[in-house]
Amino acid sequence: MFGASRVAFTTPVLSRITYQAFAIECKARDERSRPLSVVLWKIASGTADYQEVFWEMCGYGVLRSVLAGAVVTLRNVAFEALLGLKMGEYAATRR
């Protein structure tokens, strides 16, 4: 479980997908519509046992959120490639 979350946050593409999934969920007002946020909170706070968190990570809601994040990320990457943008360059130089 910790290995999967570490890979998700240290790999640039997976980190971007995870961030996008979280950002999409933040738009929802109902907490039941934010399963990834709930799982991330349980991992960070340690309020649930590992088995419960693992099964929630493999649940339909979390997988749906990650898939939605992947679709939006792929769309964004396609537009960046089409327009010749490299977002990493702009983020590093903006101060």
Side-chain angles (χ1 to χ4, degrees):
M1 177 184 68
F2 290 109
S5 63
R6 182 177 183 162
V7 168
F9 290 114
T10 58
T11 307
V13 172
L14 295 178
S15 177
R16 189 170 174 176
I17 290 170
T18 305
Y19 170 77
Q20 193 64 49
F22 181 74
I24 291 169
E25 280 192 358
C26 285
K27 295 176 185 177
R29 293 181 189 261
D30 184 20
E31 187 173 314
R32 290 173 291 174
S33 300
R34 297 182 273 168
L36 179 62
S37 300
V38 173
V39 170
L40 290 176
W41 174 253
K42 287 180 180 180
I43 291 171
S45 66
T47 58
D49 64 332
Y50 299 142
Q51 184 177 14
E52 177 185 342
V53 173
F54 175 77
W55 287 116
E56 285 186 32
M57 282 176 61
C58 297
Y60 172 74
V62 172
L63 295 177
R64 185 189 66 210
S65 291
V66 172
L67 182 61
V71 168
V72 172
T73 299
L74 290 174
R75 180 203 65 192
N76 293 346
V77 168
F79 275 110
E80 290 166 11
L82 181 68
L83 299 174
L85 299 174
K86 295 186 190 271
M87 295 311 288
E89 293 176 4
Y90 296 109
T93 59
R94 189 175 17 153
R95 293 179 187 212

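As the structure is a computational prediction, the values presented were derived from the model and not from experiment.
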Query - Spacing of CD belonging to Glu80 relative to OG1 belonging to Thr73, to within rounding of 0.5 Å - result: 9.5 Å
Requested in this report: To the nearest 0.5 angstrom, please state how far the CD1 atom of Ile43 sits from the OH atom of Tyr50.
Outcome: 10.5 Å
Do you know which two heavy atoms are closest between [X] and [Y], and how far apart they sit?
{"X": "Met57", "Y": "Val39", "result": "CG-CG1, 3.4 Å"}
{"X": "Leu36", "Y": "Ala21", "result": "CD2-CB, 3.7 Å"}
{"X": "Glu56", "Y": "Val62", "result": "O-CG2, 3.2 Å"}

**Report entry** Connected via hydrophobic side-chain network under 4.5 Å: Leu63 and Val72
**Finding:** no
Query raised in the report: When hydrophobic residues are tied together by side-chain contacts of less than 4.5 Å, even through go-betweens, does Val66 share a cluster with Phe9?
Result: yes
Report summary line: For Thr10, the side-chain hydrogen bond (donor to acceptor under 3.5 Å, both in side chains) test, sequence neighbours excluded, returns none
Query raised in the report: Pick one: which of Ile24, Thr18, Ile17 meets side-chain contact (heavy atoms from CB on, under 4.5 Å) with Gln20?
Result: Ile24
Query - Partners passing salt bridge (charged side-chain N to carboxylate O under 4.0 Å, His left out) against Glu25 (at least two apart in sequence or in another chain) - result: none
